[in-house]
Structures are given as C-alpha cells and as structure tokens.
Amino acid sequence: MAVKRGIFVVAGYGNGTGTGSASAEVFAKAGYKVALIARGADHIEKGAKKIIQDGGEAKAFPLQAYDSASVHSVFESIKAHWPDEAIRVTLYNAAQGIWKPFLEITPEEWDTTANINLTTAAAFARESILSFKDLPLNELGKRGTLLFTGATASIRGNKTTSAFSAGKFALRSLSQSLSKEFGKQNIHVAHAVIDGAIITDMWKDRAPGKYEEWQQNLDGRLSPESIANSYLYLAHQDRSAWTWELDLRPAHENW
Ligand SMILES: NC(=O)c1ccc[n+]([C@@H]2O[C@H](COP(=O)([O-])OP(=O)(O)OC[C@H]3O[C@@H](n4cnc5c(N)ncnc54)[C@H](OP(=O)(O)O)[C@@H]3O)[C@@H](O)[C@H]2O)c1
C-alpha cells in the first residue's frame, strides 16, 4: 500500500517563480497534499491549478497580511479542508527584503521585518507544532517537520542589511531553540541558510544583466527546484540522523 504522506503547508508561496512554488510542486509530486499560503490570491490559485493539472492535490489559502491571527485562521481552514489528513511538513518561506543604509530605514520597515521574520514566524511555528504534537510517529519516527528558509543574512550582517539581517538572525535562533525543545517529542525543526542568489523574477529588476547570465549558468546561482529537493530530503530524514541546519550555495559563490 502507498505511504500516506499527509499535508505539506508552505507560507510565502511568492509569485510562482521561487522556492515557495518549487517546494509546493516537489512535495506534491512526492505525494503530499499541498496547502499554499501567500498574500497574493491570484498566484496561489494559479499554483494550485497547475499542481492539480499535473496530477497532485493542492489548495490556495490566501491571507490579507502576515500576522498571528491570520496564520491561526489559515491553519483552521487547512484542517477543515482535509479533515482526514495530518499536517506533516510545514515550510516558513515568507520574507520581505529591506536593503538600505541604517539611517534610511523607517519605523514601519522595522515593524515589518520584526513581524514577518519573528512574530508571524513564531505564530506559524506554534500552529505547526500544535498540529504535529499528538500525531502518531510516521515511518521515519517523526511526528512532523518544520522548515525555515534563511539567507546569508541569517549568519552575517553587512552594510545595507541591518533590518533584514536582524530579522533573519531572529528566525534562525527561533529555529535552533525549537529544534532543541521539540526534538524530544520527535518533531524535526530545520533551518536552511541559502547562501547565494536564488534565481527568481525578483532578480530581473534587481540585477538585469546577471539575471540573463544566471538563467544560462547554474554555477553562479541557486535553482528553486534544487532547494526544494533539499527540503524534501530534510523532511524524509529518519530520527537517527536529523539536520538542524543546512547551508546551500552554488558552486561558484564567492563566500
Ligand atoms: N531570492 C534570493 O536571492 C534569496 C537568497 C537567499 C535567501 N532567500 C530567501 O528565500 C525566501 C524566498 O524565496 P525566493 O526568493 O525563492 O522567492 P519566493 O519563494 O517566490 O518567495 C517570495 C517571498 O517574497 C514575498 N514577496 C514580497 N513581495 C513580493 C512580490 N512583489 N512578488 C513576489 N513575492 C513577493 C512573498 O510573499 P507572498 O508569498 O505572501 O506573496 C514570499 O514570501 C525568503 O525567505 C528569502 O529571504 C532568497
């Protein structure tokens, strides 16, 4: 009999060109039912349709904003939509990049970075852990896997990253504490330091020349699909050898 995988939840689906959408597709192909969370309803409706056309099962769960109440209500909707399935893997991929000199960062931008990288991430972690904690162990000896997408800024501050890096450091430390606290309950928490540029639409405007070059050459950038495959690998580690932190970079990254 085929293994019943359960539900994969991704928050921060994006516009369909990055890690969020690639992860949704990879987990759908691996047999998970996929819950897509983002602020842009159009992107996730389109994403769910594509997964269903490809033979998978997916549903869009749009939210107005990243905040604790919205995250709680989205998890309730996911459970109501698939009452006979367990949430087994969750990915917090949401972020908003703020790259500016420190004195130009507004109080609103500080609130945004604290909210998206810490407060809402913690709310997402809480809902994930509450969903996992009473589940029976699966065939890997785990109740669930909670994944976080980090960045170079998770471990290194730089000239224009005071806000972004402060947020990403906070996310990383949240993930480390949770992995220690909940490992003993067979809940696997992992953080990925994405140390390089992920080729997404965002780079068309940010680095037009580089974007064209990266499209041709895998040496200099990360592919969203390859990151997603690493997330699937983390989710499928058995309880005897768990990774808390993975770092991923392309072959020619100048670190
Ligand atoms: N791209 C890079 O070079 C890079 C490098 C290292 C680490 N990361 C990390 O990777 C994660 C994002 O993955 P990704 O870069 O591959 O992109 P992605 O999966 O497409 O996700 C994009 C993220 O940006 C948000 N967003 C804000 N404005 C947006 C817009 N106008 N269009 C699309 N998305 C927008 C999305 O929120 P909604 O889903 O609510 O729309 C989503 O959270 C983040 O945690 C980021 O810090 C990215």
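Worth saying up front: this structure is predicted, and the values here are computed from it rather than measured. Just follow the structure's listing: the first ligand is 1, and inside any ligand the first atom is 1.
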Numbering the atoms of ligand 1 from 1, which are under 4.0 Å from a heavy atom of [X]?
X    : answer
A197 : 3 (O)
A38  : 38 (P), 39 (O), 40 (O)
A94  : 43 (O)
F164 : 47 (O)

Could you check [atom] against the protein and tell me its nearest heavy-atom contact, residue, atom and distance included?
atom                    : result
atom 6 (C) of ligand 1  : I194 O, 3.4 Å
atom 36 (C) of ligand 1 : R39 NH2, 3.6 Å
atom 9 (C) of ligand 1  : T149 CG2, 3.7 Å
atom 5 (C) of ligand 1  : G196 O, 3.2 Å
atom 19 (O) of ligand 1 : G20 N, 2.7 Å

Grab the two heavy atoms, one from T113 and one from G167, that are nearest each other, plus how far apart they are.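 Looking at all heavy atoms of both residues, the closest pair is OG1-CA, 4.2 Å.
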
Search all heavy atoms of A35 against all heavy atoms of I78 and return the closest pair with its distance.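 Taking every non-hydrogen atom into account, CB-CD1, 3.7 Å.
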
Taking the six-membered ring for Trp, are [X] and [Y] parallel (under 30°), tilted (30 to 60°) or perpendicular (over 60°)?
X    : Y    : result
H236 : Y32  : parallel
F124 : Y92  : tilted
W244 : H191 : parallel

Are any of the N/O atoms in [X] less than 3.5 Å from those in ligand 1?
X    : value
Y66  : yes
A151 : no
A95  : yes
G14  : yes
I198 : yes
S21  : no

Can you tell which part of W214 has a heavy atom less than 4.0 Å from ligand 1: side chain, backbone, both or neither?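 None of W214 does.
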
Is ligand 1 under 4.0 Å from a heavy atom in the side chain of K168, in the backbone, in both, or in neither?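 Side chain only.
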
Cluster overlap I199 with V26, hydrophobic side-chain contacts below 4.5 Å: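 As far as the 4.5 Å side-chain criterion goes, V26 and I199 are not connected within one cluster.
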
Student check: side-chain heavy atoms of I7 and R88 closer than 4.5 Å: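 No, every pair of side-chain atoms sits at 4.5 Å or beyond.
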
Decide whether a cation-pi geometry holds between R206 and W99; the criteria are a distance under 6.0 Å from NZ or CZ to the six-membered ring centre and an angle within 45° of the ring axis.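 Yes, cation above the ring, under 6.0 Å and within 45°.
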
Please find out if less than 6.0 Å separates the ring center of F27 from that of Y231.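 So the answer is no for these two rings.
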
Answer yes if a protein heavy atom lies under 4.0 Å from atom 30 (C) of ligand 1, otherwise answer no.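 Neighbour list for atom 30 (C) of ligand 1 is empty of protein heavy atoms (cut-off 4.0 Å).
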
Can you check atom 27 (C) of ligand 1: any protein non-hydrogen atom closer than 4.0 Å?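 So far as the 4.0 Å threshold goes, atom 27 (C) of ligand 1 is in reach of a protein heavy atom.
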
Any donor-acceptor N or O pair under 3.5 Å, side chains [X], [Y]:
X    : Y    : answer
T152 : D195 : yes
H188 : K142 : yes
S70  : Q64  : no

Can you check which of T152, T19, L248, V10 brings a heavy atom nearest to atom 14 (P) of ligand 1?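 Nearest heavy atom to atom 14 (P) of ligand 1 lies in T19.
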
Can you check which of T200, I227, T17 brings a heavy atom nearest to atom 15 (O) of ligand 1?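 When every heavy atom of T200, I227, T17 is considered, T200 comes closest to atom 15 (O) of ligand 1.
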
Hey, are E109 and K100 close enough for a salt bridge, meaning a charged N less than 4.0 Å from a carboxylate O?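 Salt bridge: yes.
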
So that I can tick it off, tell me whether E25 and K50 are bridged by a salt bridge, with the cut-off set at under 4.0 angstrom between side-chain N and carboxylate O.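 Yes, K50 and E25 are salt-bridged.
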
Among the heavy atoms of [X], does any lie under 4.0 Å from an atom of ligand 1?
X    : answer
N93  : yes
R221 : no
W203 : yes
M202 : yes
P224 : no
S23  : no

With sequence neighbours excluded, what pairs up with E85 under the salt bridge (charged side-chain N to carboxylate O under 4.0 Å, His left out) test?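 Checked E85 against salt bridge (charged side-chain N to carboxylate O under 4.0 Å, His left out); matches are K4, K33.
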
Over 12 non-hydrogen atoms of neighbours within 6.0 angstrom of NZ in K79: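 Yes, the 6.0 Å shell around NZ holds more than 12 heavy atoms from other groups.
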
